[in-house]
Amino acid sequence: MLIAEIFHSLQGEGELTGTPSVFVRTSGCNLRCNWCDTPYASWNPEGKEMTVAEIASEVQKFPARHVILTGGEPMVAKGIRELAAELKKLGKHITIETAATISPGDIACDLASLSPKLKNSTPDAKLFGAWSGKHEKLRRQPEVVREWVEKYPYQLKFVVAKEEDVAEIQQIVSDVGVKIPPEKILLMPEGITIEALRAREPKLRAICEAHGYRYCHRLHIELFGNKRGT
Ligand code: SF4
């Protein structure tokens, strides 16, 4: 499968924030978010072809027990199920970071980090006509989210750009149709600089306090900035 990068760092987002982890970033995505922070794995996919055995061997060079399968969209990568099964055999804890548009089937996974995309992600129709339409049609898949939520430990992570996004989040959660405790819903400020994150923090914190959602920081931006391999 096409791999954009494999590196060792601290998990920067979500319930496992701060956990030393190996990141396996597959290249290729079925969506095109206008604020995508890994365009080299979506808009302009780069990387090198690697076999499951080669990836597993690279992962084992690092001491971490935690492995993050991320992207791009890891669930579109050919061989992702075989890779997850192999990592499980090696005793790894597997987080899958996905936009939850593709059914998990029976993939090995210890934490499903689900990040359904909001309207704020849709690229401008005038600039990206075909992708805009495809993205808009695909981004909300409540049945798929439900399948992940029912099968795996999970967190639901939303990138929030403005206050109005909260109504859409509530609608998405309601469409999933199963009870999701508010503390399983993580709101992350949109932004790839520490200044942008800080500017959005006060309003987002107030929203979290009002609804019982969890505020989700981006530790890797705080520590390293928006750099590849971190
Ligand atoms: S789903 Fe993720 S990788 Fe794909 S375009 Fe959106 S932010 Fe980028």
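Whatever order the structure lists them in is the order used to number ligands and atoms, beginning at 1.
Ring geometry for Tyr213 against His211 counts as parallel: the plane angle stays under 30°, on a 0 to 90° scale with 60° as the upper cut. Ring geometry for Phe7 against Phe23 counts as parallel: the plane angle stays under 30°, on a 0 to 90° scale with 60° as the upper cut.
Contact annotation: the side chain of Lys92 never approaches that of Val22 to less than 4.5 Å [non-hydrogen atoms, C-beta and beyond]. Side-chain contact between Ser21 and Thr95 is absent, with no heavy-atom pair separated by less than 4.5 Å.
At a 4.0 Å heavy-atom cut-off, ligand 1 does not touch Asn30 at all.
Across Gly28, Pro45, Gly72, Pro116, heavy-atom proximity to atom 2 (Fe) of ligand 1 is greatest for Gly72.
Every atom of ligand 1 with a heavy atom of Thr38 under 4.0 Å away is listed here by number and element: 3 (S).
Cation-pi check for Arg228 over Tyr40 is met; the charged atom lies under 6.0 angstrom from the ring centroid and within 45 degrees of its normal.
Counting side-chain heavy-atom gaps under 4.5 Å among Ile, Leu, Val, Met, Phe, Trp and Tyr, the cluster of Leu219 also holds Leu10, Leu223, Phe224.
Salt-bridge formation is not detected for the pair Lys162/Glu190: no Lys NZ or Arg NE/NH1/NH2 atom is positioned less than 4.0 Å from an Asp or Glu carboxylate oxygen.
For atom 6 (Fe) of ligand 1, protein N/O/S neighbours under 2.8 Å (waters excluded) are Cys33 SG.
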